[in-house]
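I have placed the structure first, in the form of structure tokens, so that the comments after it can refer back to it.
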Amino acid sequence: MHKGDLTWLIGGPQGGGIDTSGLVFARYANRCGLRVFSNIEYHSNIMGEHSYYRVRIASKDRHSILDQVNVVVALDEETLIGDPHADFTSFKGHLQELVPSGVAVYDSAGKFKPSEATRSDITLLGVPLMDLLKEALRGIGREGDANRLRIMTNTIALGASVFAMGGDIELFAQVYRDDFKGARAELGEMNALAANAGYEYAAQQLGGRSPFDMKAIEAAVSNGHATGPSLLIRGMHACAFGKLKAGLHIQTYYPISPATDESVYLEANQRDQNLLVVQCEDEIASIQMAVGAANAGARSSTSTSGPGFALMVEGIGYASLTEVPGPVVFLWQRGGPSTGLPTRQDQGDLRFALHPAQGDFPHILVAPADPQQIFDDSFEAFNWADRYQMPVVVLVDKYLSTQSASLDELKMENLVIDRGSRYRSNGRANGAGDEYLRFAFTENGVSPRSFPGEEGGIFWSTSDEHDPRGHITEDAENRILMMEKRMGKLDLAASEIPGGRKISVYGPADADVTLVGWGSVKGSVLDAIELLAEEDGVRASFVQIRLLKPFPVEEVTAALSNAKRLILVENNYTGQLGGLVREMTGIHIPQKVLKYDGRPFSEEELVEGLRKALATGDARVHVSHLSA
Amino acid sequence: MHKGDLTWLIGGPQGGGIDTSGLVFARYANRCGLRVFSNIEYHSNIMGEHSYYRVRIASKDRHSILDQVNVVVALDEETLIGDPHADFTSFKGHLQELVPSGVAVYDSAGKFKPSEATRSDITLLGVPLMDLLKEALRGIGREGDANRLRIMTNTIALGASVFAMGGDIELFAQVYRDDFKGARAELGEMNALAANAGYEYAAQQLGGRSPFDMKAIEAAVSNGHATGPSLLIRGMHACAFGKLKAGLHIQTYYPISPATDESVYLEANQRDQNLLVVQCEDEIASIQMAVGAANAGARSSTSTSGPGFALMVEGIGYASLTEVPGPVVFLWQRGGPSTGLPTRQDQGDLRFALHPAQGDFPHILVAPADPQQIFDDSFEAFNWADRYQMPVVVLVDKYLSTQSASLDELKMENLVIDRGSRYRSNGRANGAGDEYLRFAFTENGVSPRSFPGEEGGIFWSTSDEHDPRGHITEDAENRILMMEKRMGKLDLAASEIPGGRKISVYGPADADVTLVGWGSVKGSVLDAIELLAEEDGVRASFVQIRLLKPFPVEEVTAALSNAKRLILVENNYTGQLGGLVREMTGIHIPQKVLKYDGRPFSEEELVEGLRKALATGDARVHVSHLSA
Amino acid sequence: MIAEQKPLTYKDYSTPVHINWCPACGDFGIVTAIQKALAKLQIPPHRVAMFSGIGCSGKTPHYINAYGFHTLHGRVVPNASGGRLANRDLTVIAVGGDGDGYGIGSGYFVNAGRRNLNFTYLVFDNGVYGLTKGQAAPTLARGMKTKSMPEPAIQDSLNPIALAIGSGYTFVARGYALDQSGDVLANLIAEAIQHEGSSFVDILQTCPTYNDLMTVKWFNEKPQGNSRLYQLTEEGYEGVVKDVSNPDEIIAKKAQAVGKSYEWGDRVPLGIFYQARLRTYEEELEGRLPNYGTAPLIDWDVAHRDVSKLLGALR
Amino acid sequence: MIAEQKPLTYKDYSTPVHINWCPACGDFGIVTAIQKALAKLQIPPHRVAMFSGIGCSGKTPHYINAYGFHTLHGRVVPNASGGRLANRDLTVIAVGGDGDGYGIGSGYFVNAGRRNLNFTYLVFDNGVYGLTKGQAAPTLARGMKTKSMPEPAIQDSLNPIALAIGSGYTFVARGYALDQSGDVLANLIAEAIQHEGSSFVDILQTCPTYNDLMTVKWFNEKPQGNSRLYQLTEEGYEGVVKDVSNPDEIIAKKAQAVGKSYEWGDRVPLGIFYQARLRTYEEELEGRLPNYGTAPLIDWDVAHRDVSKLLGALR
Ligand SMILES: Cc1ncc(C[n+]2csc(CCOP(=O)(O)OP(=O)(O)O)c2C)c(N)n1
Ligand SMILES: Cc1ncc(C[n+]2csc(CCOP(=O)(O)OP(=O)(O)O)c2C)c(N)n1
Ligand code: SF4
Ligand code: SF4
Ligand SMILES: [Mg+2]
Ligand SMILES: [Mg+2]
């Protein structure tokens with residue numbers, strides 16, 4: 001574990017304000033100039049099930065969560081000790097995750113009794129939340145509103161936790177003041193008051209001494225970061241920005257975890273951003289509508305997760321065969337198979353997304369691994385769609401969508417929109433001598449397309465095999481040429497997409513061990529590499545394979561073939577990327593570290609897994625620290 | 001080409017009786033004791049487009065078609081010279097396929113004029129079909145019916161072709177007599193009459209000398225075949241028999257080429273065979289209904305092709321996660337991608353069928369390659385489904401469905417139905433002490449299931465991740481155990497399925513070259529191997545990979561790793577099996593012979609492709625003799 | 001086996017599973033009503049198969065002591081149909097949300113009507129997609145905006161009753177999840193189960209978390225002095241076809257039902273809009289498969305089929 | 001650009017593509033009617049986008065000189081909707097079979113009604129799945145057996161008109177593919193195109209190859225002296241809602257349409273069952289996106305968006 005980092009956690013029943021409170025704390029830390037990495041876990045449920053939000057703070061950028069917790073804020077008993085009456089459950093509460101001398105903040109008027117704790121090396125900080133809230137409100141003559149404002153007991157608890165973390169209550173309170181402006185300013189003040197009350201209470205109970213010292217980390221934040229507050233950005237934000245900048249015209253969607261967040265964010269901003277967002281009746285309609293719009297000249301996209309993607313596959317094959325420029329499909333993976341674990345993490349959809357329909361057909365599959373890459377790839381995906389006239393699937397996941405990390409800036413320079421090869425008739429009518437052939441055979445396989453409405457640009461298109469004009473034909477020679485035309489565009493894409501978009505290599509060129517992975521594992525891997533170097537003296541590098549189709553055979557071969565030792569890291573059961581690498585390059589990655597419990601790799605888990613793999617040489621190591 | 005074999009071909013507009021006529025000729029030849037291999041090509045169209053039926057006859061079993069034709073029966077001009085007015089077409093008619101001295105039978109009163117033929121080394125046998133029909137009918141006082149019976153002009157032409165082939169007109173006429181019995185016997189007699197008339201006319205025109213000699217081949221048929229007429233069986237029949245014998249209760253389907261034939265055949269026999277066949281509103285309903293029925297204790301299956309399979313993928317993931325024993329899904333491949341070439345041949349769905357849904361999940365994928373294998377696998381698929389409680393996909397194709405070949409017997413011995421592990425409560429009610437857990441963790445991962453209706457067997461099932469009782473849980477430990485339980489069943493299947501069902505090896509153990517393929521290419525490969533040995537002295541062997549998931553890693557490794565030279569043969573664009581073999585075994589097959597024009601490999605095409613691959617060492621050889 | 005068996009009560013149909021719906025969710029009322037209906041009909045739990053889609057509503061089978069299949073989003077109807085086809089001795093009940101049934105599942109909703117298989121389909125109609133956080137579902141009317149929506153709905157609501165009639169359901173009714181007497185819905189569901197053929201009940205369900213328009217309060221209001229919710233029978237409405245051999249009566253009753261189904265707002269009718277005892281799919285199947293009438297499909301002897309005649313035809 | 005342009009005739013909408021329907025297929029009549037309707041409205045070919053599903057009917061766009069998208073089986077409606085949303089200057093016409101639209105596509109058929117997007121949907125209703133060789137389609141009534149079927153249909157037919165009403169289409173009509181005058185269908189299609197909102201026309205289409213029940217002869221018969229096919233207007237039927245602000249009139253007209261839609265057999269009504277000029281989806285969108293009213297989506301300047309405010313909110 002990176003020593004000196006602190007983790008703050010809030011847990012409680014869903015619908016109880018966990019996400020709001022967690023985000024308040026994360027934003028507070030971020031505004032202090034700390035480097036924040038945070039994530040939420042929640043059930044597929046609206047109210048009552050256990051949810052929690054972890055905020056890791058450090059003096060340097062971190063890219064993963066920690067198991068270990070310094071301060072836990074518990075909004076219910078389950079958060080501390082689990083649900084002892086539940087069937088078949090392994091979760092025994094977050095108390096177990098506290099470091100020695102860690103602090104648990106809870107409602108002393110709640111169900112939890114200190115005697116239930118099995119540890120004595122921690123501080124149980126019971127806080128009379130409602131009493132404190134009433135008292136605080138009494139100060140401003142609003143005691144009678146306490147019940148209506150009972151959600152503010154959370155703020156009391158947060159205030160107490162700020163003391164335990166060694167934080168600054170004024171800066172913390174300021175977050176509320178900033179959030180509630182204008183007519184709602186009073187709410188900001190009341191929350192500030194509540195935060196203070198909790199803080200004071202904790203100070204008193206802990207004898208004025210915070211066991212942890214956020215401010216020390218703050219002081220240790222090295223220079224080099226942009227001045228002013230960093231962004232605290234989620235993967236889904238980066239995706240939305242990429243789409244907006246790419247000139248997206250229309251986003252279709254059907255609600256599904258964890259993809260909905262992105263669409264809802266776009267929807268909330270559609271008016272200002274001149275974007276049409278359509279909620280459809282299902283995912284079949286979503287992709288077909290997006291194809292219809294793309295055919296009509298729009299940049300279109302849709303977002304979903306596994307169960308929705310399963311309904312989109314016919315649309316992907318259709319778009320590919322008919323050389324539609326898009327749509328761009330964001331596949332936010334979650335725990336499968338089937339409905340599976342709707343709100344949990346998994347990287348199990350790679351193989352499905354690689355060949356998601358019948359027949360041999362071209363499409364592009366890319367898996368960005370952090371907000372900047374997500375931005376870049378969602379921007380570029382539309383250029384690829386237009387340039388190569390094929391659908392593009394961007395493979396992301398729940399963890400990337402929900403993790404918030406400090407980021408100085410999202411780089412948005414040198415963005416060039418390329419709508420691809422377009423046919424303009426310049427007023428000539430169809431059939432007037434220079435007949436327009438939508439699917440003409442060309443040197444590079446790309447045929448200029450016209451936009452419906454263009455005089456002289458009339459064309460036909462069909463999901464059947466077709467001739468250059470777009471009419472059905474079953475002729476054998478045409479079939480061969482069309483297959484070669486379409487599949488050839490994949491080679492074209494492979495030759496044009498820059499290497500930097502295909503793979504990224506981190507760490508020393510002559511590393512002792514080279515880790516291989518894709519997508520969201522990148523964050524945990526980078527943190528683990530650093531630790532292995534510091535603590536074990538192991539020099540590790542990491543090859544992130546980002547472009548998955550067309551597969552960067554040469555780049556990957558070059559990056560892996562001289563590695564001294566290879567270990568695959570994937571957040572799924574089978575190690576799907578390993579199979580793909582072997583299929584494409586012949587390189588067998590002899591060891592895998594996997595995690596498939598529906599949660600992302602914590603730093604400790606991955607380090608443990610790598611240590612075990614290195615020590616034992618086992619082909620398959622799987623890790624899970626079994627949190628909630 | 002296998003010398004001495006003859007090919008007879010009939011072509012004409014769809015709706016004009018091509019399939020019936022072709023089958024009459026094939027059955028005639030088969031009943032003569034000849035070894036027949038025949039196949040039909042047709043458009044996705046109801047009337048008018050060019051269709052043709054090839055019948056190859058030989059003294060030994062053959063497993064592929066020939067390009068070369070000895071006698072062509074042309075029901076229209078296009079059959080002979082193609083459609084000169086069509087856009088973007090390469091088909092120039094079957095006249096080009098005739099061997100020197102080949103015979104073209106056509107309607108002398110039709111559009112085709114002999115001057116349009118560009119060859120002089122063949123015999124153009126124009127026959128006044130309608131005149132002859134009238135004359136024949138006049139003999140029995142039915143001249144007035146000639147127009148109503150105009151379809152019988154086909155019979156006249158067939159009769160003429162029988163002479164050209166050197167066949168026996170009495171035996172030929174007998175086929176009609178056998179087909180029309182009872183009240184329709186007169187039709188049989190009239191057809192016999194018509195056949196004779198055509199035969200006589202041809203005899204006269206050809207000066208009494210047939211250029212070809214079917215009877216000589218007949219005489220050369222070696223002993224060892226069963227006495228009595230062989231079966232002339234199509235792949236879809238073998239599939240239907242396998243299902244019937246396996247105790248199938250319910251088949252659901254939605255019409256789609258080329259899968260419909262199988263369902264319609266079952267439907268036509270459902271009354272006699274005690275089987276429920278349900279035509280659904282689409283493929284989503286088809287698979288979901290099949291899953292619902294399987295959950296209720298029925299053996300269920302459904303059949304489709306690519307576009308329908310694309311709608312079934314959510315059902316496959318669902319059935320797998322919920323450990324439904326089935327359904328068995330027959331995927332009759334056709335030309336993709338998308339709607340593609342609905343009635344044409346391709347092997348492009350392997351990769352899709354290997355991982356057809358989100359997440360890591362178990363299912364079985366098997367690809368039989370001839371009628372006997374299709375029978376065996378469709379029978380066994382239900383046992384696998386019940387034993388391992390997972391869906392099974394049987395991957396076949398248009399070519400296998402429509403090819404008719406002589407087969408002495410379909411072996412149906414030692415069939416044992418295994419319904420898998422079943423829970424019986426013996427009258428104990430649920431919750432009465434010994435609580436039944438549908439998804440109990442067991443040693444081999446299989447949990448006994450109860451059939452709804454069983455007292456004390458109540459269980460729950462959900463497409464969410466679930467606990468042993470079948471209720472939703474997101475617990476991490478349960479998740480891990482459930483993933484291991486489900487995926488472990490795949491290892492169990494791999495360990496129990498006999499090697500003979502996994503791969504088949506044909507040819508010498510120390511072959512100079514080993515061909516690798518799957519599914520329907522087997523037939524062409526076996527014929528080609530024989531020819532290469534005879535004509536080129538090349539000793540080739542063939543490894544057919546039949547079980548594709550769980551992949552037979554050891555068996556394939558053993559079969560390929562000592563091969564002197566490896567060549568992949570696939571009827572698709574990318575050589576999908578090659579990728580799978582490399583992924584699973586690390587063995588790279590350095591050369592491919594591919595065909596992707598929507599038609600199966602003819603013997604000549606494959607031989608040419610293999611010769612080229614052997615001679616040049618090219619990594620990728622593709623062949624197409626561009627027929628219609 | 002005990003000689004004298006105690007009559008089943010609704011508690012015999014409950015499970016100890018923790019119910020994770022929001023407090024005061026209308027779904028609680030529906031679950032109780034289903035349990036009461038089963039008790040009323042004294043159908044043993046093991047003879048009941050509950051199927052559901054995905055959504056808050058989809059969790060229902062876990063809370064009912066009966067064979068329970070929690071299937072996929074929008075796919076409950078074909079799953080239930082498959083179960084019923086395989087074993088016609090089972091009482092098959094399908095449940096799901098309004099998004100599940102009228103949105104993503106509308107094609108299966110429609111096509112099951114025509115089939116007239118003997119099963120019961122209960123749609124929990126709360127106007128929103130509950131489990132995905134309150135987006136507008138197909139029954140939310142144009143212009144409506146629940147607290148969970150950023151903008152008002154811009155599509156018309158669809159009319160489930162009219163759709164069911166057009167699709168061919170032979171029992172078409174509407175219920176309310178939280179009726180005060182407690183048994184009205186249970187009785188309606190019992191009637192739906194008893195009806196031979198495809199029964200459909202649209203159940204108005206409150207979602208206190210996301211739908212702040214159709215609340216308990218709203219349903220209980222008495223605009224202009226009349227209670228908003230009323231039983232069709234109160235007005236003398238008769239939806240049952242008396243003479244099913246008379247097409248005119250069938251058509252008249254269908255048209256009546258559709259006309260009535262548009263009544264909404266101050267007065268919201270509940271009860272049976274339409275019912276006709278037409279031949280069921282099972283009965284039709286008996287014409288094709290004589291065995292279908294005598295034993296459940298899963299009990300047929302299918303393990304010893306003779307295919308020699310079929311093989312013979314191929315020689 | 002020529003100063004004086006000759007008026008467009010239906011031939012301007014034809015293509016030289018070989019039509020591979022069976023001789024005398026009713027589809028020929030529909031293609032001609034579409035071409036005539038476009039000529040009547042003088043819509044330039046390049047302003048028209050034809051979308052189709054898969055089936056014999058799906059081949060239609062290839063035979064019409066206009067942008068043509070021959071999509072997937074059952075998916076024509078969302079494709080057409082996407083095209084229309086992207087460019088509201090296009091006249092969007094969706095066509096497909098009865099299997100395509102009422103079977104596999106019924107979910108999209110239903111949900112497009114509610115949306116009331118301004119497009120026209122023509123369903124070629126021949127009672128069979130033509131391209132897959134004559135199986136029963138959803139509109140084939142129970143007990144019917146065409147020559148292509150081994151056994152009579154055992155499911156009820158669905159009622160497209162009633163379904164369309166229940167789904168919210170604002171123009172609901174029925175036509176006949178082969179009317180003798182030749183222009184009746186063309187005029188009806190023209191009205192459908194002109195209607196602002198989702199227009200739906202069920203077109204009775206003969207399939208001489210597989211459907212030997214609903215033949216030209218059958219349609220042309222005069223049972224009991226009255227021609228079987230008649231225009232609703234002949235009977236003084238009025239389907240158009242005069243005052244769309246009056247919900248009672250809307251409901252009454254809907255109920256009337258559904259009632260009428262069950263008339264079948266000796267008398268088969270054609271024409272407009274129901275029409276109401278309600279706000280279209282496009283008009284509703286203008287409330288959310290003011291630009292939507294001024295320029296087609298594809299012409300918006302979306303290449304220079306400023307996201308700094310959004311970024312600022314994340315600090
Ligand atoms: C194919 C698919 N798409 C989307 C989802 C996500 N999803 C889960 S529940 C739900 C909607 C639930 O709404 P409704 O059917 O009305 O049920 P309610 O929760 O209101 O009871 C959606 C869209 C899914 N599970 N599967
Ligand atoms: C997903 C899918 N399933 C099945 C098919 C096969 N198929 C092609 S056309 C058709 C039915 C056509 O019937 P209909 O829609 O009534 O059109 P018609 O041919 O009668 O005009 C079917 C089932 C397909 N193309 N795609
Ligand atoms: S979200 Fe609504 S429907 Fe879902 S459980 Fe909560 S109250 Fe019930
Ligand atoms: S099968 Fe029927 S619908 Fe299709 S082209 Fe022929 S006549 Fe027309
Ligand atoms: Mg709902
Ligand atoms: Mg049809």
Side-chain angles (χ1 to χ4, degrees), chain A residues 30-31 228-233 237 240-241 244-245 247-250 252 269-276 278 280-282 284-285 288-300 314-315 318 410 412 417 427 430 451-464 470-472, chain D residues 1 15 17 20 44-49 51-52 54 58-59 61-62 65-87 89-90 107-108 110-112 114 285 288-292 296-298 300-307 309-311 314-315:
Chain A
N30 187 57
R31 290 203 196 160
S230 294
L231 295 167
L232 190 65
I233 193 170
H237 293 125
F241 295 144
L244 289 171
K245 281 292 184 185
L248 177 67
H249 291 103
I250 173 169
T252 61
N269 292 294
Q270 65 174 328
R271 200 184 286 267
D272 291 346
Q273 294 289 347
N274 250 331
L275 171 74
L276 176 57
V278 181
C280 299
E281 57 267 37
D282 66 9
I284 288 179
Q288 299 295 340
M289 210 181 264
V291 169
N295 264 324
R299 283 201 149 177
S300 73
E314 63 167 4
Y318 167 52
L410 198 60
M412 300 192 185
I417 291 180
N430 264 56
F451 285 13
E454 167 106 20
E455 199 175 349
I458 286 179
F459 68 83
W460 293 265
S461 144
T462 167
S463 64
D464 283 286
H471 292 308
I472 304 173
Chain D
M1 292 277 147
T15 62
V17 175
N20 79 11
H46 67 274
R47 291 248 156 254
V48 178
F51 290 80
S52 68
I54 295 284
K59 296 176 180 173
H62 299 282
N65 185 35
Y67 283 90
F69 301 96
H70 180 191
T71 74
L72 295 176
H73 192 39
R75 312 299 178 237
V76 59
V77 168
N79 269 284
S81 304
R84 170 74 193 171
L85 284 168
N87 186 347
D89 284 354
L90 295 175
Y108 311 100
V110 163
N111 279 283
R114 307 173 48 214
L285 277 181
R288 288 189 185 174
L289 303 169
N291 275 347
Y292 206 82
L297 184 61
I298 56 164
W300 294 5
D301 177 16
V302 288
H304 304 95
R305 289 192 176 110
D306 179 5
V307 298
K309 241 180 79 189
L310 295 177
L311 277 169
L314 296 179
R315 285 182 207 277

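This one's a predicted model, so the numbers in the text were calculated from it and none came from an experiment. Below, chains carry the letters A, B, ... as their sequence lines are ordered, and counting in each starts from 1.
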Please flag which part of [X] lies under 4.5 Å from any non-hydrogen atom of chain D: side chain, backbone, both or neither.
{"X": "A/R271", "answer": "both"}
{"X": "A/A290", "answer": "neither"}
{"X": "A/L231", "answer": "both"}
{"X": "A/N274", "answer": "both"}

Heavy-atom proximity to chain A below 4.5 Å, by part of [X]:
{"X": "D/A66", "result": "backbone"}
{"X": "D/T15", "result": "side chain"}
{"X": "D/D306", "result": "backbone"}
{"X": "D/V17", "result": "side chain"}

Task: A/H249: partners by ring pair (Phe, Tyr, Trp, His ring centres under 6.0 Å), with sequence neighbours left out - done: none
Open item on the list: Just to verify, what does D/F69 make a ring pair (Phe, Tyr, Trp, His ring centres under 6.0 Å) with, not counting sequence neighbours?
Closed with: A/F459, D/F51
Closest approach of [X] to [Y] (non-hydrogen atoms, all atoms of both residues):
{"X": "A/A296", "Y": "D/A86", "result": "CB-CB, 3.8 Å"}
{"X": "A/A298", "Y": "D/I298", "result": "N-CG2, 3.4 Å"}
{"X": "A/I417", "Y": "D/A303", "result": "CD1-CB, 3.7 Å"}
{"X": "A/S463", "Y": "D/L72", "result": "CB-CD2, 3.7 Å"}
{"X": "A/L275", "Y": "D/L289", "result": "O-CD2, 3.4 Å"}

Task: Heavy-atom pairs under 4.5 Å with chain A, option from D/L297, D/N87, D/N20 with the top count - done: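 Most heavy-atom pairs under 4.5 Å with chain A: D/L297.
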- [ ] Could you have a look at D/R47, D/R75, D/R114, D/R288 and say which one has the most heavy-atom pairs with chain A under 4.5 angstrom?
- [x] D/R75
Open item on the list: For a 4.5 angstrom cut-off between non-hydrogen side-chain atoms, does A/I458 reach D/V48?
Closed with: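 With C-beta onward as the side chain, the pair stays apart.
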- [ ] List the steps, then state whether side chain to side chain contact (heavy atoms under 4.5 Å, CB included) holds for A/Q273 with D/L310.
- [x] CA-CA 10 Å; A/Q273 294 289 347; D/L310 295 177; 3.6 Å; yes
Open item on the list: Taking every non-hydrogen pair under 4.5 Å, which of A/A294, A/S461, A/G470, A/A285 racks up the most with chain D?
Closed with: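 If we count pairs closer than 4.5 Å to chain D, A/S461 comes out on top.
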Task: Spacing of D/K309 atom NZ and A/N269 atom CG [to the nearest 0.5 Å] - done: 8.5 Å
Task: Heavy-atom donor-acceptor pair, D/Y108 side chain to A/E281 backbone, under 3.5 Å - done: no
